[in-house]
Amino acid sequence: METIIFDVDDTLYDQLRPFQNAFHTVFPELKDAPIEKLYVSSRRHSEKMFEKSERGEISLLELHTYRIMAAFRDFNIDIEYDKAVQFQKVYETEQKKITIFPEMGDLLDLLIEKKKRIAVLTNGPHQHQLMKVNRLGLTRWIPMEHIFVSGAIGSAKPNLETFRFVEKNMQLDKEKTIYIGDSFENDIIGAKRAGWQAIWMNHRKREIQDAPVTPDQIVYSPKELLTYVETNL
């Protein structure tokens with residue numbers, strides 16, 4: 001493989017941690033709530049509505065409040081809109097404290113040592129995702145011209161044109177390109193339909209029924225991913 005491209009959220013860092021911290025701050029009374037399941041549910045609801053946000057059909061605030069309120073409803077918990085707004089504000093503050101998985105830092109070091117081309121392709125508002133890129137220190141390994149954000153591209157994963165945009169800008173050989181991400185719907189389906197190889201970083205241990213594509217590899221932790229790359233690339 002010549003080129004390895006990464007998702008950011010919940011792939012290069014633990015997105016559950018800022019979610020947990022925000023949850024404990026805003027909902028201290030919900031001591032028995034299944035926080036990780038709520039997080040996974042909120043990601044699923046976010047992915048369903050994300051394209052509407054990208055097209056400007058709903059605001060970011062509408063997306064953010066919808067996903068957390070819908071996730072709570074999945075577990076028969078009702079929260080007020082104002083609480084959803086408060087949660088999102090605290091969540092954004094907590095996201096400014098994120099740190100890269102140590103094993104992912106080791107993996108990026110290894111890829112540099114092996115002289116592989118590295119890039120990022122992430123969904124989200126341009127400036128917000130760049131904040132995460134900077135917080136994680138990704139430009140230590142990846143040049144800014146190889147950091148692609150859907151908000152700047154004008155289309156989002158899993159749309160084929162998003163992957164084609166990266167191919168054109170990096171002059172990729174798609175048969176020698178691997179994409180690594182945690183979202184089956186956005187990352188794995190999008191990459192495989194683009195003709196790339198795909199590694200599913202399934203550390204949330206999600207189960208997919210009737211999947212339209214098959215990842216080339218599934219790993220269940222950053223450590224397992226690092227071991228797989230050390231052995232196979």
Side-chain angles (χ1 to χ4, degrees), residues 1-22 35-36 39-40 43 91-152 157 162-163 166 169-170 172 176-184 186-188 190-191 196-206 215-233:
M1 287 296 109
E2 292 178 351
T3 307
I4 295 85
I5 303 179
F6 292 87
D7 174 47
V8 172
D9 294 313
D10 219 33
T11 297
L12 290 175
Y13 74 96
D14 183 1
Q15 196 176 30
L16 175 60
R17 183 170 294 180
F19 185 96
Q20 284 178 319
N21 292 343
I35 298 178
E36 184 166 358
Y39 162 76
V40 171
R43 286 289 303 273
Y91 183 40
E92 289 179 4
T93 298
E94 291 296 327
Q95 284 183 318
K96 295 175 183 176
K97 306 173 186 177
I98 59 176
T99 56
I100 194 168
F101 284 122
E103 297 90 346
M104 299 304 270
D106 292 342
L107 174 55
L108 291 167
D109 284 339
L110 176 65
L111 295 174
I112 291 293
E113 181 183 322
K114 288 179 173 286
K115 299 188 179 345
K116 302 295 184 181
R117 302 178 76 201
I118 315 172
V120 153
L121 172 58
T122 177
N123 278 356
H126 189 215
Q127 291 304 318
H128 185 60
Q129 294 305 98
L130 287 186
M131 178 274 291
K132 297 174 188 175
V133 165
N134 290 329
R135 174 62 193 172
L136 296 171
L138 297 184
T139 53
R140 170 183 165 188
W141 300 279
I142 306 169
M144 280 301 300
E145 61 267 25
H146 290 171
I147 293 173
F148 301 95
V149 181
S150 68
K157 301 175 296 181
T162 309
F163 293 85
V166 177
N169 277 268
M170 293 188 68
L172 296 181
K176 296 181 180 179
T177 299
I178 295 178
Y179 191 78
I180 300 172
D182 72 294
S183 169
F184 193 90
N186 287 340
D187 300 331
I188 306 308
W196 300 6
Q197 292 191 39
I199 299 175
W200 187 19
M201 230 278 272
N202 187 22
H203 59 128
R204 302 298 170 199
K205 298 178 173 59
R206 291 182 57 195
D216 296 279
Q217 183 68 26
I218 304 174
V219 295
Y220 295 95
S221 69
K223 183 177 180 180
E224 187 179 344
L225 175 64
L226 175 59
T227 299
Y228 174 79
V229 173
E230 285 175 329
T231 305
N232 292 277
L233 289 188

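Just so you know, residue 1 is the first one in the sequence shown, and it goes up from there.
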Please round to the nearest 0.5 Å and tell me the distance separating atom [atom1] of [X] and atom [atom2] of [Y].
X	Y	atom1	atom2	answer
Glu145	Met170	CD	CE	9.0 Å
Lys157	Ile188	NZ	CD1	9.5 Å
Thr11	Asp187	OG1	CG	6.0 Å
Arg206	Ser183	CZ	OG	6.0 Å
Leu121	Asn123	CG	CG	7.0 Å
Ile147	Asn134	CD1	CG	7.5 Å

Looking only at side chains, do Asp9 and Gln129 share a donor and an acceptor under 3.5 Å apart? yes
Would you check if there is a donor-acceptor pair between the side chains of Gln20 and Tyr39 at a distance under 3.5 Å? no
Taking C-beta and beyond as the side chain, do [X] and [Y] meet within less than 4.5 Å on heavy atoms?
X	Y	value
Leu233	Leu110	no
Ile199	Ile4	no
Val149	His128	no
Thr177	Arg117	no
Tyr91	Gln95	yes

Look at the side chain of [X] and the backbone N and O of [Y], then say whether any donor-acceptor pair between them is shorter than 3.5 Å.
X	Y	answer
Ser221	His203	no
Lys132	Val8	no
Asp182	Met201	no

Measure the acute angle between the ring planes of Trp196 and Tyr179, then classify it against the limits of 30° and 60° as parallel, tilted or perpendicular.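 Rings of Trp196 and Tyr179: tilted, 30 to 60°.
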Restricting to non-hydrogen atoms, name the atom on [X] and the atom on [Y] that form the minimum distance, rounded to 0.1 Å.
X	Y	value
Trp141	Ile112	O-CD1, 3.6 Å
Pro215	Phe184	CD-CE1, 3.9 Å
Leu225	Val219	CB-CG2, 3.8 Å
Ala191	Gln197	CB-O, 4.3 Å
Phe148	Ala119	CE1-CB, 4.4 Å
Phe6	Leu12	CD2-CD2, 3.8 Å

After noting the C-alpha distance and the side-chain angles of Leu138 and Ile100, does the key distance pass the side-chain contact (heavy atoms from CB on, under 4.5 Å) rule? CA-CA 9 Å; Leu138 297 184; Ile100 194 168; 4.0 Å; yes
Evaluation steps, side-chain contact (heavy atoms from CB on, under 4.5 Å), between Asp7 and Asn186: CA-CA 10 Å; Asp7 174 47; Asn186 287 340; over 6 Å; no
For Arg17, is there an ion pair with Asp10 - N to carboxylate O distance below 4.0 angstrom?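 Answer for the salt bridge query: no.
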Salt bridge or not for Asp106 and Lys223, using N-O below 4.0 Å? no
Looking at residues at least two apart in the chain, or sitting in another chain, which of them share a salt bridge (Lys or Arg N to Asp or Glu O under 4.0 Å) with Lys205?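 Expected list: none.
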Name the one of Ile118, Leu172, Val120 that satisfies side chain to side chain contact (heavy atoms under 4.5 Å, CB included) with Ile5? Leu172
Applying side-chain contact (heavy atoms from CB on, under 4.5 Å), run through Lys96 and Arg135 and close with a yes or a no. CA-CA 7 Å; Lys96 295 175 183 176; Arg135 174 62 193 172; 5.8 Å; no
Step by step, work out the side-chain contact (heavy atoms from CB on, under 4.5 Å) result for Met1 and Asn232. CA-CA 10 Å; Met1 287 296 109; Asn232 292 277; over 6 Å; no
Give a yes or no on whether Lys116 atom NZ has more than 12 heavy-atom contacts from other residues, nucleotides or ligands under 6.0 Å away.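 Yes, the 6.0 Å shell around NZ holds more than 12 heavy atoms from other groups.
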